[in-house]
Amino acid sequence: MAVQTVETDASATDSHSLPVDLGPATALSCRECGERFELGPIFACSSCFGPLEVAYDLPLGDAEALRKRIEAGPDNIWRYAPLLPVPADVASKPSLNPGFTKLVKADNLARALGVTGGLYVKDDSGNPTHSFKDRVVAIAVEAARAFGFTTLSCSSTGNLAGAVGAAAARAGFRSCVFIPHDLEQGKVVMASVYGGDLVGIEGNYDDVNRFCSELIGDPLGEGWGFVNVNLRPYYGEGSKTLAYEICEQLGWRIPDQLVIPIASGSQLTKIDKGLKELIALGLVEDRPYKIFGAQAEGCSPVSAAFKAGHDVVRPQKPNTIAKSLAIGNPADGPYVLDIARRTGGAVEDVDDEQVVESIKLLAETEGIFAETAGGVTVGVTRKLIEAGLLDPTLTTVVLNTGDGLKTLEAVAPTTGQSAVIRPNLDSFREAGLA
């Protein structure tokens, strides 16, 4: 959705809406029919059932003054508070303060992939719970405060569960989160250590998500803010901060190409939204950019639809080691297709073996240990270059959204000690390592 100023009409209200202060956010707008609703804990249009997203009255006008205001802000996502659905005093509230993670100039990886135009890795493993989910949860927490919720919840493939648990502990909420019962052990431990309730559901992520939707409509869910369901419009806005940071870290410049992993597809669509906002605000030059989506072959409904030329994304049953991307029915899938086609990008996938190879390649070249989603993104980048779809002479940013310590199972079978020796030099020489 393009940046816009909206006037909230009294006739466009919902019974769940509440008068709240969420900074420049003025309304919720349906992505399909454009109907507007007052700010509240709703996520679907009552007229056409399309998804809702936040509309703003953004500070158009003096771009240089806004740029200086941002640069003088804290070294986290709250430097962009004037562009987010949060109150002006958000930085003073208890929060994990995520964001402003490293943009690594990846020259070694560039040489390995044959990139000559400049390759960067936006490494979001540096966030408080070591994934980009801290960004989206931080925004959702402010909405939960505004709407008077007492419990934070979510359906999760792992990273979000940990981010919600940690943010709730810091902000003083109770948490109860739901995950597929067979997630990686590292993510299970990290999600449960913060003291909230962690509930495993027998089934995949889509089963978990359906259960949470049922709980929202039941008295048992009263007072619960599900960050990626009834708070989804606000939650999704946190991903815009990736676009803001990348452009600021490049000297207020949009990269020519971005490669972004796809789970629900929300991150990719909101990065595109963030780039369009920066252009509208005059903070960056209006220039072409291409967005590429990355999926694992064992859960690639958006990639399959893109390659087939379809506008509808057909659900799949996930079967991949990249469990953080294992959403077989991605809510934002059709919008990802629109963006990839509009910008001249593409959506591609890689198999599990390529995911592991790419995790190792990134680690060996740049010292960044990515989780499986990062392996997907690097692997797809290589595949796009080989297919001639991604131009290696242009500036390219690839996203690593999480820490490899969470998905040790993926690489453990093919990594380990180089040798076991006796504690003497002769044994070391015999091992052939000198």
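Residues: numbered from 1 along the sequence shown. Worth saying up front: this structure is predicted, and the values here are computed from it rather than measured.
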With the side chain counted from C-beta on, respond yes when [X] and [Y] share a heavy-atom pair under 4.5 Å apart, and no when they do not.
| X | Y | answer |
| --- | --- | --- |
| Leu361 | Arg382 | yes |
| Leu325 | Cys299 | no |
| Asn204 | Pro180 | no |
| Thr401 | Glu371 | yes |
| Tyr234 | Leu28 | yes |
| Asn209 | Asn329 | no |
| Asp426 | Arg429 | yes |
| Asp124 | Lys122 | yes |

Side-chain ion pair, [X] and [Y], N-O less than 4.0 Å:
| X | Y | answer |
| --- | --- | --- |
| Asp272 | Arg342 | yes |
| Lys383 | Glu386 | no |
| Glu184 | Lys323 | no |
| Arg232 | Asp332 | yes |
| Lys187 | Glu409 | no |

If only atom types and distance count, is the side chain of [X] paired as donor or acceptor with the main-chain N or O of [Y] below 3.5 Å?
| X | Y | value |
| --- | --- | --- |
| Thr381 | Thr377 | yes |
| Asn108 | Thr365 | yes |
| His130 | Ser125 | yes |
| Ser156 | Ala161 | yes |
| Asp351 | Glu297 | no |
| Asp352 | Ile321 | yes |
| Thr343 | Lys290 | no |
| Gln316 | Ser300 | yes |
| Glu348 | Leu384 | no |
| Glu38 | Val20 | no |

Partner set under side chain to side chain contact (heavy atoms under 4.5 Å, CB included) for [X], not counting sequence neighbours:
| X | value |
| --- | --- |
| Ala412 | none |
| Asp89 | Pro87, Ser92, Lys93 |
| Leu250 | Leu103, Tyr120, Ile246, Arg253, Pro255, Val397 |
| Glu248 | Ile70, Glu71, Arg79, Tyr80, Phe100, Trp252 |

Derivation of the salt bridge (charged side-chain N to carboxylate O under 4.0 Å, His left out) call for Glu357 and Lys360: CA-CA 5 Å; Glu357 291 173 354; Lys360 291 182 175 180; over 6 Å; no
How far apart are the closest heavy atoms of [X] and [Y], and which atoms are they?
| X | Y | result |
| --- | --- | --- |
| Phe428 | Ala434 | CE2-CB, 3.8 Å |
| Leu84 | Pro24 | O-CD, 3.1 Å |
| Val302 | Leu337 | O-CD2, 3.6 Å |
| Val356 | Ala410 | CG2-O, 3.5 Å |

How about NZ on Lys317, more than 12 heavy atoms from neighbouring residues, nucleotides or ligands closer than 6.0 Å, or not? no
Thr129 side chain to Asp134 side chain, donor-acceptor N/O pair below 3.5 angstrom: yes
For the residue pair Tyr235 / Lys270, report whether a side-chain donor-acceptor contact shorter than 3.5 Å exists. no
Which residue in the set Thr395, Leu390, Val115 passes side chain to side chain contact (heavy atoms under 4.5 Å, CB included) when paired with Gln257? Leu390
Can you spot which of Asp349, Val336, Val347 makes a side chain to side chain contact (heavy atoms under 4.5 Å, CB included) with Phe306? Val347
Rounded distance [0.5 Å steps], [atom1] in [X] versus [atom2] in [Y]:
| X | Y | atom1 | atom2 | value |
| --- | --- | --- | --- | --- |
| Ile201 | Phe211 | CD1 | CZ | 5.0 Å |
| Phe132 | Leu160 | CZ | CG | 8.0 Å |
| Leu242 | Cys247 | CG | SG | 11.0 Å |
| Asn159 | Leu183 | CG | CG | 9.5 Å |

Sequence neighbours left out, cut at 3.5 Å: what donor-acceptor pairs do the side chains of residues 190-199 make with other protein atoms?
unit_1 : atom_1 : unit_2 : atom_2 : d
Ser192 : OG     : Val188 : O      : 3.1
Ser192 : OG     : Val189 : O      : 3.1
Asp197 : OD2    : Arg174 : NH2    : 3.1

Test log, rule side-chain contact (heavy atoms from CB on, under 4.5 Å), inputs Thr101 and Asp123: CA-CA 6 Å; Thr101 54; Asp123 186 13; 5.8 Å; no
For Phe369 and Leu408, what are the C-alpha separation, side-chain angles and deciding distance, and is it a side-chain contact (heavy atoms from CB on, under 4.5 Å)? CA-CA 10 Å; Phe369 184 18; Leu408 291 173; 3.8 Å; yes
Side chains of residues 221-230: which donor-acceptor pairs under 3.5 Å do they make with residues two or more places apart or in other chains?
unit_1 : atom_1 : unit_2 : atom_2 : d
Asn228 : OD1    : Ser155 : N      : 3.4
Asn228 : ND2    : Ser155 : O      : 2.8
Asn228 : ND2    : Ser155 : OG     : 3.2
Asn228 : ND2    : Tyr205 : OH     : 3.3
Asn230 : OD1    : Phe226 : N      : 2.7
Asn230 : ND2    : Trp224 : O      : 3.3

